[in-house]
Amino acid sequence: MADSSSSSEQKYRKYHPYQDLQIPIENLYNLPTSPEFLFPEEAAVQRRSWGENLQYYTGSGYLSGAIVGGLKGSVDGLRAAESGDTLKLRTNRVLNSGGSTGRKLANSLGTLGLIFAGLESAMIYYRDTDDMVNTVFAGLGTGALYRAASGVRSAAVAGAIGGLAAGAAVAGKQVFKRYVPI
């Protein structure tokens with residue numbers, strides 16, 4: 001029996017697709033570590049495009065709003081439970097409250113992200129530079145536009161808060177880059 005198994009192994013040879021290439025197989029899979037670009041102009045730019053900014057800020061705003069709002073609504077639903085409620089009724093109250101609050105906050109933060117991304121990309125396009133001034137003015141404009149329907153005073157206050165928040169985020173990022181070794 002040992003002879004028959006060894007003869008069946010000799011009958012077939014293993015397939016090797018790279019045997020005629022005369023190069024080491026390791027060289028076939030050396031992938032580049034830097035990003036590849038179709039045009040050299042794209043390689044010179046070290047920032048996200050307006051479409052990527054739009055997706056990033058809108059998506060992260062919506063997702064964080066949904067998570068925070070869902071958690072806050074669930075806690076509110078737990079607190080609103082009455083002593084005579086059944087487990088099914090309490091669960092329903094928590095889910096409804098979490099879904100409602102999460103949806104509202106997610107839509108609000110997603111809208112803020114959309115406005116911010118549009119304003120920041122427009123500032124980068126018109127100023128032809130990417131610096132912290134664009135981010136601060138985009139935050140200022142986002143707050144003012146978001147609260148514009150509530151009146152001039154409300155828009156001015158919201159614009160100031162948005163500008164300060166964007167400035168604090170930029171300053172925090174610079175401090176984080178400088179003092180946190182990654």
Side-chain angles (χ1 to χ4, degrees), residues 35 37 39 41-82 85 89-182:
F37 297 100
F39 302 107
E41 297 86 22
E42 293 175 345
V45 178
Q46 294 294 323
R47 61 178 179 255
R48 292 189 292 253
S49 70
W50 70 270
E52 291 169 338
N53 262 351
L54 191 70
Q55 289 178 340
Y56 176 74
Y57 288 126
T58 306
S60 60
Y62 189 88
L63 181 64
S64 61
I67 291 171
V68 171
L71 290 174
K72 183 188 178 309
S74 297
V75 169
D76 290 346
L78 284 172
R79 287 185 181 156
E82 297 173 4
D85 289 346
L89 189 59
R90 285 182 182 172
T91 304
N92 188 23
R93 185 184 311 257
V94 167
L95 290 175
N96 285 342
S97 179
S100 176
T101 307
R103 183 176 54 252
K104 289 176 188 175
L105 192 58
N107 287 335
S108 295
L109 289 181
T111 303
L112 285 172
L114 180 73
I115 295 169
F116 181 82
L119 289 176
E120 186 180 38
S121 296
M123 292 283 294
I124 290 170
Y125 177 76
Y126 286 116
R127 292 187 64 228
D128 199 27
T129 182
D130 188 13
D131 57 359
M132 63 186 279
V133 174
N134 295 336
T135 305
V136 172
F137 279 120
L140 188 125
T142 299
L145 282 175
Y146 189 74
R147 298 296 295 183
S150 299
V152 176
R153 184 170 187 249
S154 178
V157 170
I161 291 172
L164 288 172
V170 168
K173 181 180 175 184
Q174 295 299 325
V175 168
F176 187 78
K177 285 169 109 178
R178 182 173 181 171
Y179 293 111
V180 178
I182 292 181

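Keep in mind that the numbers below use all heavy atoms, side chains included, and drop hydrogens, waters and symmetry copies. None of the values given here were measured: they were computed from a predicted structure.
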Worksheet item: Taking the side chain as C-beta and beyond, is there a heavy-atom pair between L112 and F116 under 4.5 Å?
Response: no
Practice prompt. Using modelled atom types only, decide if a donor and an acceptor are shared between the side chain of R90 and the backbone of E82 within a distance under 3.5 Å.
Written response: yes
Practice prompt. Output yes when a side-chain donor or acceptor of S100 lies under 3.5 Å from a complementary backbone atom of N96, and no otherwise.
Written response: no
Practice prompt. Determine, stepwise, if the pair V136 / L140 fulfils side chain to side chain contact (heavy atoms under 4.5 Å, CB included).
Written response: CA-CA 6 Å; V136 172; L140 188 125; 5.6 Å; no
Fill in: For the student: nearest non-hydrogen atoms of N134 and I124, plus distance
ND2-CG1, 3.4 Å
Discussion item. Does atom CZ (R93) have a neighbourhood of more than 12 heavy atoms from anything else shown, all under 6.0 Å?
Written reply: yes
Discussion item. Let me confirm one number: the CG-CE distance from D131 to M123, rounded to the nearest 0.5 Å.
Written reply: 8.0 Å
Discussion item. Within this structure, what is the CG-OH distance for the pair L105 and Y62, rounded to the nearest 0.5 Å?
Written reply: 10.5 Å
Item to complete: Hey, could you give me the CG/OG1 distance between L63 and T58, rounded to the nearest 0.5 Å?
Response: 12.5 Å
Discussion item. Does V68 form a side chain to side chain contact (heavy atoms under 4.5 Å, CB included) with L109? I'd like the steps, not just the answer.
Written reply: CA-CA 11 Å; V68 171; L109 289 181; over 6 Å; no
Item to complete: Kindly indicate, with the supporting measurements, whether the criterion side chain to side chain contact (heavy atoms under 4.5 Å, CB included) is fulfilled by R127 and V133.
Response: CA-CA 10 Å; R127 292 187 64 228; V133 174; 3.7 Å; yes
Discussion item. Please check: side-chain N/O of T101 versus main-chain N/O of G69, any donor-acceptor pairing under 3.5 Å?
Written reply: no
